[in-house]
Amino acid sequence: MNAALQVLQDRGFIRQCTGLEQLSDLMDKEKVTFYLGVDPTGKSIHIGHMVPFFAMHHLQLHGHNPIALVGGGTSLIGDPSGKTEMRKMLTVEQIQENSASLKDQLGTVVDFSDHGDPSKGKAIMLNNYDWLGPLNYIEFLRDIGKHFSVNRMLTFESYKQRLERGLSFIEFNYQLLQSYDFLVLNQKYGAKLQIGGDDQWGNIVSGIDLIRKIEGNDSYGLTFNLITRADGQKMGKSEKGAVFLDPEMFSPYDFFQYWRNVNDEDVIKFMKLFTFMSLEEIAEYETEGRNVNEAKERLAYEQTSIIHGKEEADKALSAAKAMFSAAGAASTESLPSITIERAVLEAGIPVIELFAMTDLCNNNSEARRLINQGGAVVQEKKISGIDVVVDASYLDGDSVLILRAGKKRFFKIIVE
RNA sequence: GGGGAGGUUCCCGAGCGGCCAAAGGGGGCAGACUGUAAAUCUGUUGGUUAUUCCUUCGAAGGUUCGAAUCCUUCUCUCCCCA
């Protein structure tokens, strides 16, 4: 098999392909331009969206040319695939705004620069609003719509499900638009391959059919496994909500912790999918008797460096180590914090109030509950009851108080 | 266009005049056990000046001593027929 495809295969990306042998031959012969669509439905993408982009990264390294297609036009419609309910429709302004931040985030994995390295593919980013926006409905129906059979579309799994619950016409058209995207990219940019999550299979196949009917050319589709966690949870969902790449929405420390706490069974799989570590290196972590926690730490470190940079990864790693090693709160630098005046502390603060001030508790009731249940800790001293008042004596000569809720949630109070 | 069923707390879903801040499950949080894992068990899960008061059962009015529950209008969703 072609070297690039082999990498994807070995790392566990590939789910299905419209013609693996032919595609492999093609990729041996030439550098293939391929594309992947993303809908800018939110301010930030989360890691669940990143799998195909890691695949894109590997293909780019092998000299193939990626196109990241921002769905400025299609997200005005909303893809029904894999959704049980209709999506909220976004305004044009929201979508333009979202698209802007997308490139930065994808840039962590795919190189969009003019790197000038001939062995590496050249990546570009396009927005399908550019051609979908000006579309004329009548022309579109005559030129494109006539190639689609409703009977056939209804047999697609993605639509079948929605027929149970209701599918609006606007969503039904999504497939035509995505197919049209592939056609346009094929005509103008020579794209011959579309990649995506396996939920995109139907849409991809339709695009290939459309290109064959209109251009008479062969093109290919390649889909990736939809990644699930061993506990059945969706990838990228955490207690704190979706694991966003935007550091404002999801801190690098929490991001690190998300990976640090993956299920045992998932570690190796995720190393292959979400890091650039070599397979040989990953294999070392698979050996019998190897401590899984080392693997998790490495996974968390690698993944955090890719997305947030090495510096943030180092910070997160040392903060995590400090927090979880025996009573040593050495590096508390990256903890979330607030500042209070020394006089206030000296006067004494009821613990309920103290915890309610922090991000650890949203309100007094939560703080009260936490304390009653024995989960509140100040400076590694367990709070015995809700009547406790925290004052300067807790400082121990230091100028910060470390609060802890449960085992893993920390907060720092700086005293001035 | 006609007919029917519905909108309940983070989610699903019971409740159909007072015993309802609202069963049950999921999720979350905390405790036990652990490896910062999983599984399991226990407690907890609207806010508060905490045995008090306030806000919440699609929206707005109304009936009643008292409404998530009854009535009116509006609104949204789903299903069947055309």
Side-chain angles (χ1 to χ4, degrees), chain A residues 80 83-89 161-171 228-243 251-271 285-286 289-301 303-304 313 316-332 334-335 349-353 355-378 380 382-388 402-411:
Chain A
K83 305 281 180 307
T84 48
E85 301 200 10
M86 186 160 160
R87 264 190 203 170
K88 282 200 190 75
M89 283 197 254
Q161 274 180 19
R162 288 300 303 273
L163 285 174
E164 313 267 315
R165 301 206 49 152
L167 175 69
S168 74
F169 185 67
I170 187 172
E171 293 176 287
T228 50
R229 302 193 329 199
D231 59 9
Q233 286 273 44
K234 253 189 158 176
M235 192 66 210
K237 294 271 180 276
S238 79
E239 318 79 63
K240 293 185 158 65
V243 182
S251 79
Y253 177 77
D254 287 334
F255 185 85
F256 182 94
Q257 284 299 320
Y258 177 83
W259 295 99
R260 179 60 248 262
N261 286 320
V262 297
N263 281 276
D264 289 4
E265 304 87 281
D266 287 334
V267 189
I268 299 299
K269 182 164 93 177
F270 288 173
M271 275 184 168
Y285 286 95
E286 264 183 298
R290 180 83 192 225
N291 185 351
V292 245
N293 283 311
E294 282 176 36
K296 289 183 187 182
E297 194 174 285
R298 180 71 191 277
L299 170 67
Y301 182 78
Q303 175 59 196
T304 309
L317 177 66
S318 61
K321 279 201 159 163
M323 291 320 336
F324 289 100
S325 62
S331 168
T332 55
S334 64
L335 288 183
I349 305 171
V351 253
I352 294 183
E353 272 181 46
F355 274 84
M357 285 192 303
T358 70
D359 295 348
L360 264 20
C361 299
N362 289 319
N363 49 51
N364 288 0
S365 292
E366 267 182 40
R368 185 182 297 264
R369 231 173 270 143
L370 182 73
I371 295 159
N372 279 334
Q373 295 186 124
V377 176
V378 177
E380 290 309 309
K382 186 166 169 178
I383 299 301
S384 54
I386 56 172
D387 298 328
V388 171
I402 304 298
L403 307 196
R404 179 155 68 83
K407 272 171 258 180
K408 302 184 204 170
R409 295 154 55 224
F410 294 90
F411 198 89

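All values below were derived from every heavy atom in this structure, side-chain atoms included, with hydrogens, water molecules and symmetry-related copies excluded. Naming convention: chains lettered A, B, ... in sequence-line order (proteins, then strands); numbering from 1 in each chain.
Nucleotides U56(B) and U48(B) are separated by 14 Å at their C1' atoms, to the nearest Å. Straight-line distance between the P atoms of U69(B) and G58(B): roughly 8 Å, to the nearest whole Å. With C1' as the reference atom, G18(B) and G66(B) are 6 Å apart, rounded to whole Å. Across the C1' atoms, G46(B) and G28(B) are found 14 Å apart, a figure rounded to whole Å. Separation of the P atoms belonging to G4(B) and U73(B) is 14 Å when rounded to the nearest angstrom. Comparing the P positions of U52(B) and C57(B) gives a spacing of 23 Å, expressed to the nearest Å. With both ends at atom P, the span from C53(B) to C19(B) equals 15 Å, rounded to whole Å. Taking atom P on both nucleotides, U55(B) is separated from A68(B) by 12 Å, rounded to a whole Å.
U48(B) is unpaired under the criterion used here, namely a Watson-Crick or G-U wobble arrangement in which both key atom distances are under 3.5 Å. Base pairing annotation: G1(B) forms a Watson-Crick or G-U wobble pair with C81(B), both donor-acceptor distances under 3.5 Å. Within the shown strands, nothing qualifies as a pairing partner of A14(B) under the Watson-Crick or G-U definition with both distances less than 3.5 Å. Under the Watson-Crick and G-U wobble criteria, each requiring two contacts below 3.5 Å, nucleotide U9(B) is left unpaired. Using N1 to N3 plus N6-O4 or O6-N4 for Watson-Crick, or N1-O2 and O6-N3 for G-U wobble, each under 3.5 Å, A68(B) pairs with nothing. For C41(B), the paired nucleotide is G31(B), the pair qualifying as Watson-Crick or G-U wobble because both relevant distances are below 3.5 Å.
Across all strands shown, Ala405(A) has heavy atoms under 4.0 Å from sugar-phosphate atoms exclusively, and none from any base. Heavy atoms of Val267(A) sit nowhere under 4.0 angstrom from any nucleic acid atom.
Using a 4.0 Å cut-off, no side-chain N or O of Lys407(A) falls inside it from OP1 or OP2 of C33(B). OP1 and OP2 of U36(B) both lie 4.0 Å or more from every side-chain N or O belonging to Arg409(A).
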A correct 5'-to-3' footprint of nucleotides 44-51 of chain B, with B, S and - meaning base, sugar-phosphate only and no protein heavy atom under 4.0 Å, is SS-SSSB-
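Nearest heavy atoms, Val388(A) versus Ser384(A): CG2-OG, 3.6 Å.
In this structure, the NZ atom of Lys408(A) is 5 Å from the C1' atom of U36(B), given to the nearest Å. The nearest whole Å value for the distance from the OH atom in Tyr258(A) to the P atom in A37(B) is 15 Å. What separates CD1 of Ile268(A) from C1' of A37(B) is a distance of 14 Å, to the nearest Å. Atom CD1 in Ile386(A) sits roughly 19 Å away from atom P in A30(B) (whole-Å rounding). In this structure, CG of Asn291(A) is placed 13 Å from P of A37(B), rounded to the nearest angstrom. Atom CD in Glu294(A) sits about 17 Å away from atom P in A37(B), given to the nearest Å. Across the protein-nucleic acid pair, Asn293(A) atom CG and A38(B) atom P stand 11 Å apart, rounded to whole Å. Here C29(B) presents its C1' atom at 18 Å from CZ of Phe411(A), a figure rounded to the nearest Å.
With sequence neighbours excluded, the residues that form a salt bridge (charged side-chain N to carboxylate O under 4.0 Å, His left out) with Asp264(A) are Lys296(A). For Thr358(A), the side chain to side chain contact (heavy atoms under 4.5 Å, CB included) partners at least two apart in sequence or on another chain are Leu360(A), Leu403(A), Phe411(A), Ile413(A). Remark: Glu294(A) engages Arg290(A) in a salt bridge (charged side-chain N to carboxylate O under 4.0 Å, His left out) (not counting sequence neighbours). Partners of Lys408(A) under the side chain to side chain contact (heavy atoms under 4.5 Å, CB included) rule, at least two apart in sequence or in another chain, are Asn261(A), Phe324(A).
Between Val267(A) and Tyr285(A) there is no side-chain heavy-atom pair separated by less than 4.5 Å. The shortest distance between side-chain heavy atoms of Ile402(A) and Glu380(A) does not fall below 4.5 Å.
The side-chain hydrogen bond (donor to acceptor under 3.5 Å, both in side chains) analysis of residues 361-371 of chain A, with sequence neighbours excluded, yields the pairs Asn362(A)-Glu366(A).
A donor-acceptor pair under 3.5 Å is formed between the side chain of Asn291(A) and the backbone N or O of Asn293(A).
For Lys296(A), the listed nucleotide lying nearest its side chain is G35(B); candidates were U36(B), G35(B), A30(B).
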